2 protein chains.
Amino acid sequence: MNDRHEQWQAAERLALTLIEGGLQRMSARTLAVFLFTDQESVTAGEIADRLEASAGSVSGAIKSLLTVGLIERLPAPGSRREHYRLRDDAWATLFTSQNTVIQAMLQAAAAGIAATETGDPAHQRLTQMRAFYAFLLGELPALLNRWHQQNT
Amino acid sequence: MNDRHEQWQAAERLALTLIEGGLQRMSARTLAVFLFTDQESVTAGEIADRLEASAGSVSGAIKSLLTVGLIERLPAPGSRREHYRLRDDAWATLFTSQNTVIQAMLQAAAAGIAATETGDPAHQRLTQMRAFYAFLLGELPALLNRWHQQNT
DNA sequence: CCGATACTTCAGAAATTTCTGAAAAGTCGG
DNA sequence: CCGACTTTTCAGAAATTTCTGAAGTATCGG
């Protein structure tokens with residue numbers, strides 16, 4: 001129990017969940033490695049070995065995880081290899097990034113409202129849609145504040 | 001301005017946003033028709049005409065939208081065709097359904113915690129992950145309550 | 001009951017996404 | 001600067017997702 005094999009299985013299952021959450025396959029598997037590694041930081045080569053994936057696809061995954069702010073590149077400790085690690089606020093960041101979709105919904109609804117006449121059934125539906133996403137967008141900053149305070 | 005063509009464009013753009021949000025392509029386009037139609041309800045055939053898609057793919061999209069509770073089948077008004085319409089609480093429903101992913105994340109983190117030793121770096125990371133998603137899951141019911149109250 | 005119309009299912013086609021492998025580019029120690 | 005090693009890029013391959021079209025099923029009016 002609690003051996004490496006069991007951890008590996010848990011990591012792969014977690015990767016599948018991350019894919020559900022919208023990450024791409026290799027990004028999700030890479031993120032799982034960052035979560036489950038024993039070490040403080042990992043290199044691209046180590047990830048490729050662990051996942052039995054090509055250096056190319058790992059490179060792409062790291063780039064995308066860096067872009068959304070889930071991992072960070074560490075000040076190189078004199079080594080030739082780049083070291084990366086999971087960022088402290090990774091999960092809040094992931095949640096926030098997914099909320100850009102909410103903003104897009106809001107804007108799409110507004111565009112629809114502008115394109116329809118007041119009183120149109122479509123106009124009413126779109127107004128309801130906009131109201132919901134406006135509400136959500138308004139609530140989220142306070143939500144994340146509560147998290148950061150509780151998590152201090 | 002405010003003509004059918006402009007509305008159609010807005011509908012297609014909204015569909016793209018819905019796809020971003022995780023819906024499948026045809027489900028998203030179908031949902032956009034439900035939003036932008038002039039009528040109170042629409043039939044599968046009307047949707048297929050509007051989207052220039054096959055009856056088969058529309059059937060699949062309707063089935064999936066029914067399953068997640070975004071649309072509802074109307075009591076048939078003596079017609080041979082089934083009529084559907086957007087449900088009132090569609091957006092809150094869509095939001096909620098996306099939150100099943102949060103629950104899955106929570107469980108995946110818990111599984112990882114169980115598979116690692118206390119004090120392991122991985123154990124610590126997974127504990128942080130679980131804390132965040134537990135927090136989120138705890139906040140969401142209250143969030144939706146506030147919406148329903150404000151929206152009364 | 002029967003004919004006509006509408007809906008569903010599903011195998012295969014089409015399109016898209018994702019991964020790999022090899023070549024190019026970058027970086028560090030010496 | 002050179003040579004060894006690592007990372008990035010990108011064209012094509014592989015895998016997956018998604019759509020269509022046709023056959024089958026269901027339902028309604030007559």
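Every value quoted in this text rests on a predicted model; they were computed, and no experiment measured them.
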Just the table, please: protein N/O against nucleotides 2-5 of chain C N/O, every pair under 3.5 Å.
| residue | atom | partner | partner atom | Å |
| --- | --- | --- | --- | --- |
| dT5(C) | O4' | Arg80(B) | NH1 | 3.1 |

Review point. Relative to the ring of Phe135(B), is the ring of Trp147(A) parallel (under 30°), tilted (30 to 60°) or perpendicular (over 60°)?
Key: tilted
Practice item. Name the orientation class of the two ring planes belonging to Tyr84(B) and Phe34(B) (parallel below 30°, tilted from 30 to 60°, perpendicular beyond 60°). Key: perpendicular
Point to revise | Proximity to DNA chain D (any heavy atom under 4.0 Å), residues of residues 38-54 of chain A only | key: Ala44(A), Gly45(A)
Review point. Does anything in residues 13-32 of chain A reach DNA chain C, meaning a heavy atom under 4.0 Å, and if so which residues?
Key: Gln24(A), Arg25(A), Met26(A)
Exercise for review: Would you give the length of the straight line joining atom CD of Glu46(B) to atom OG1 of Thr43(B), rounded to the nearest 0.5 angstrom?
Suggested key: 3.5 Å
Review point. Say you draw a straight line from CG of Asn145(B) to CD of Gln149(B); how long is it, rounded to the nearest 0.5 Å?
Key: 6.0 Å
Exercise for review: Could you go through the side chain to side chain contact (heavy atoms under 4.5 Å, CB included) check for Ile19(A) and Gln24(A) one step at a time?
Suggested key: CA-CA 6 Å; Ile19(A) 292 169; Gln24(A) 298 196 329; over 6 Å; no
Check your understanding: For Thr37(B), does its backbone N or O pair with a side-chain atom of Arg125(A) as donor and acceptor, under 3.5 Å?
Key -> yes
Check your understanding: Does the side chain of Met129(B) come within less than 4.5 Å of Leu14(A)'s, by heavy atoms?
Key -> yes
Which pairs, protein N/O on one side and nucleotides 9-16 of chain D N/O on the other, fall under 3.5 Å?
| residue | atom | partner | partner atom | Å |
| --- | --- | --- | --- | --- |
| dT9(D) | OP2 | Lys63(A) | NZ | 3.3 |

Practice item. Would you please test His83(B) and Arg73(B) for side chain to side chain contact (heavy atoms under 4.5 Å, CB included) and show each step? Key: CA-CA 6 Å; His83(B) 283 247; Arg73(B) 182 171 293 162; over 6 Å; no
Check your understanding: Judged by modelled atom types alone, do Arg4(B) and Gln7(B) share a side-chain donor-acceptor pair under 3.5 Å?
Key -> yes
Review point. So, Ser54(A) and Ser57(A): side-chain donor and acceptor under 3.5 Å apart, yes or no?
Key: yes
Exercise for review: Kindly write out the residues that satisfy salt bridge (Lys or Arg N to Asp or Glu O under 4.0 Å) with Arg29(B), not counting sequence neighbours, or none if the list is empty.
Suggested key: Glu12(B)
Practice item. State, to the nearest 10°, the angle formed by the axis through the first five base pairs of the helix from dC1(C)-dG30(D) to dG30(C)-dC1(D) and the axis through its last five. Key: 40°
Practice item. Check the surroundings of atom CZ in Arg50(A): do more than 12 heavy atoms from other residues, nucleotides or ligands lie under 6.0 Å from it? Key: yes
Review point. Would Phe95(A) and Phe132(B) satisfy side chain to side chain contact (heavy atoms under 4.5 Å, CB included), going step by step from the backbone distance to the final call?
Key: CA-CA 10 Å; Phe95(A) 182 70; Phe132(B) 180 74; 3.8 Å; yes
